[in-house]
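What follows is a single structure, written as structure tokens, with notes after it.
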Amino acid sequence: MAALNLTVSDPSTFILMGIAGLETVHVWISIPFSTFYIIGLFGNFTVLFVVGKEQTLHKPMYLLICMLALTDIGTSTSIIPKALCIFWFNLKGITVCGCLTQMFFLHAATAMHSAVLATMAFDRYIAICNPLRYATILTNARIAKLGLVGLIRTVLFILPLPLLLTRQPFCPNRIIPHTYCDHMAVVKMSCGDTTFDGIYGLVVAFIVIGSDLTLIALSYGLIIRAVLRISSKTAHHKALNTCTAHICVMLMSYTPFVFTSMALRFGQDIAPHVHIILANLNFLVPPMLNPIIYGVKTKELRDKVGKYTSRR
């Protein structure tokens, strides 16, 4: 009831309910959430620090790992601090501007993350299928340009999402049964015609994620073809081993996204709080595990991290 009163008295505010139905255990839920978030921040900042300090790691592959770390930090940071404010202090209010800003950074970080994964797939394709020209094709400057292209694409596609919603009239009952503002949740708060907003959101998801997955599939199709042409089993293993970390990160990133999307559309029997918890874990678990995966599977990075750890 207090939430309803807030929406009436403050028309410029949305209310994020957190995990509806589990309000009594919000504090307990915050423990794994905050733990995963802190581990993710520590791991990704460690990667950024080590690569930045070590001149020998200033290579295309490690620059891409740094880009991935930045998108992981951006993804989790766009939602978890506000979620913890809800869990710990019951601060459920968020201004319309704040909600749209959070929505932009969340979707922008997700789109940029996908672009980095696609670039990594291209990097692995060049490393395996054209190793002699790898150093000339993928220079640090070219990787930076590809990252800039991905960033421009992200802004061009994602920025219209909140801008289009600023022209919408919002209903008095502005309660979002979630821990963060995503596009469809805000669209449902509008009392106006949101047909174009909904269609644009689907088109953006299809173009951005679809094009990246197509590039990834094409890259790995060519990689598999090249590996099958190699007669040596040792060479097979060595070539595929260079892709292991990237494949693990892709599975960690895309599988929960697809599962959650399917559950939202076809899992009507699944309790709403389960959907919300899974959606939050999608933005917490991959950022926590990605630096661990690359730290374990990439010997050079593992050795450098070990050097700084032993110093401490």
Side-chain angles (χ1 to χ4, degrees), residues 36-52 57 59-83 101-124 138 140 142-159 161-162 180-183 204-205 207-213 215-216 219 245-258 260 279-295 297-298 301:
F36 293 166
Y37 179 57
I38 292 170
I39 294 173
L41 286 182
F42 177 77
N44 285 295
F45 276 118
T46 298
V47 169
L48 292 173
F49 173 78
V50 172
V51 174
L57 296 182
K59 303 174 183 177
M61 183 176 73
Y62 296 106
L63 293 182
L64 287 170
I65 292 175
C66 286
M67 290 183 190
L68 189 72
L70 287 172
T71 61
D72 281 338
I73 292 169
T75 300
S76 57
T77 302
S78 64
I79 64 169
I80 295 305
K82 179 58 182 176
T101 301
Q102 184 188 53
M103 184 187 78
F104 169 76
F105 281 107
L106 172 61
H107 292 300
T110 304
M112 193 63 197
H113 185 89
S114 181
V116 173
L117 289 178
T119 308
M120 283 179 153
F122 178 67
D123 170 79
R124 292 300 84 201
L138 286 180
N140 288 349
R142 190 156 291 163
I143 290 295
K145 289 177 182 177
L146 288 173
L148 181 60
V149 169
L151 181 60
I152 292 172
R153 184 195 71 162
T154 295
V155 173
L156 289 178
F157 278 111
I158 302 301
L159 188 58
L161 292 175
Y180 58 84
C181 299
D182 70 347
H183 181 245
V204 167
I207 292 176
V208 172
I209 303 299
S211 62
D212 291 340
L213 284 176
L215 179 59
I216 290 170
S219 297
H246 182 248
I247 292 172
C248 291
V249 169
M250 281 197 305
L251 291 175
M252 285 296 306
S253 300
Y254 287 118
T255 304
F257 173 78
V258 173
T260 303
N280 280 274
L281 290 178
N282 287 346
F283 300 118
L284 273 174
V285 175
M288 177 183 67
L289 294 181
N290 288 346
I292 297 174
I293 291 170
Y294 273 106
K297 297 299 296 183
T298 311
L301 179 60

Would you compute the distance between atom CD1 of Ile216 and atom OG of Ser211 and round it to the nearest 0.5 angstrom? 9.5 Å

Between the CG atom in Leu156 and the CD1 atom in Ile158, the distance rounded to the nearest 0.5 Å is 10.0 Å

Is a donor on one side and an acceptor on the other found under 3.5 Å between the side chain of His183 and the backbone of Leu161? no

Report the distance from atom CG of Asn140 to atom OH of Tyr62, rounding to the nearest 0.5 Å. 12.5 Å

Any His113 side-chain heavy atom under 4.5 Å of Asn290 side chain: yes

Would you name the heavy atoms of Cys181 and Leu106 that are closest together and state the gap between them? O-CD2, 4.2 Å

Mark yes or no for whether Ser78, through its side chain, and Thr75, through its backbone, hold a donor-acceptor pair below 3.5 Å. yes

Return the CD1 to CD1 distance between Ile292 and Ile39, rounded to the nearest 0.5 Å. 7.0 Å

Quick check: closest heavy atoms across Met252 and Pro286, and the distance to 0.1 Å? O-CG, 3.3 Å

Test your reading of the model: is there a side-chain donor-acceptor pair from Asn44 to the backbone of Pro287, 3.5 Å cut-off? yes

Apply side chain to side chain contact (heavy atoms under 4.5 Å, CB included) to the pair Tyr180 and Gln102, showing each step before the final yes or no. CA-CA 8 Å; Tyr180 58 84; Gln102 184 188 53; 3.6 Å; yes

In the structure I gave you, are the side-chain heavy atoms of Leu64 and Met61 within less than 4.5 Å of one another anywhere? no

Applying salt bridge (Lys or Arg N to Asp or Glu O under 4.0 Å), name anything that partners Arg124, two or more places apart in sequence or on another chain. none

If I compare all heavy atoms of Tyr294 with all of Ile65, which pair ends up nearest, and what's the gap? CD2-CD1, 3.5 Å

Looking only at heavy atoms, what is the nearest atom pair of Ala121 and Ser219, with distance? O-CB, 3.6 Å

Could you measure the distance from the CZ atom of Phe36 to the CD1 atom of Ile80? Nearest 0.5 Å is fine. 10.5 Å

Rounded to the nearest 0.5 Å, the CZ atom of Arg142 sits from the CG atom of Leu63 at a distance of 14.0 Å

Considering only heavy atoms from C-beta outward, does the side chain of His246 approach that of Leu117 to under 4.5 Å? yes

How about Tyr254: does its OH atom have over 12 heavy atoms from other parts shown lying under 6.0 Å from it? yes

Is there a donor-acceptor contact under 3.5 Å from the side chain of Ser114 to the main chain of Thr110? no

Val47 and Pro291: which non-hydrogen atoms are nearest, and at how many Å? CG2-CB, 3.9 Å

Does His107 reach the side chain of Val204, with side-chain heavy atoms less than 4.5 Å apart? no

For Asp212, which residues count as a salt bridge (Lys or Arg N to Asp or Glu O under 4.0 Å) partner, sequence neighbours excluded? Arg153

Using every non-hydrogen atom in the two residues, find where Ala108 and Thr154 come nearest and quote the distance to one decimal. O-CG2, 3.3 Å

Sorted by chain and residue number, the side-chain contact (heavy atoms from CB on, under 4.5 Å) partners of Leu41 (sequence neighbours excluded) come out as Tyr37, Phe45, Ile73, Thr77

Just do the side chain to side chain contact (heavy atoms under 4.5 Å, CB included) check on Ile143 and Met67 with the steps written out, would you? CA-CA 10 Å; Ile143 290 295; Met67 290 183 190; 3.7 Å; yes

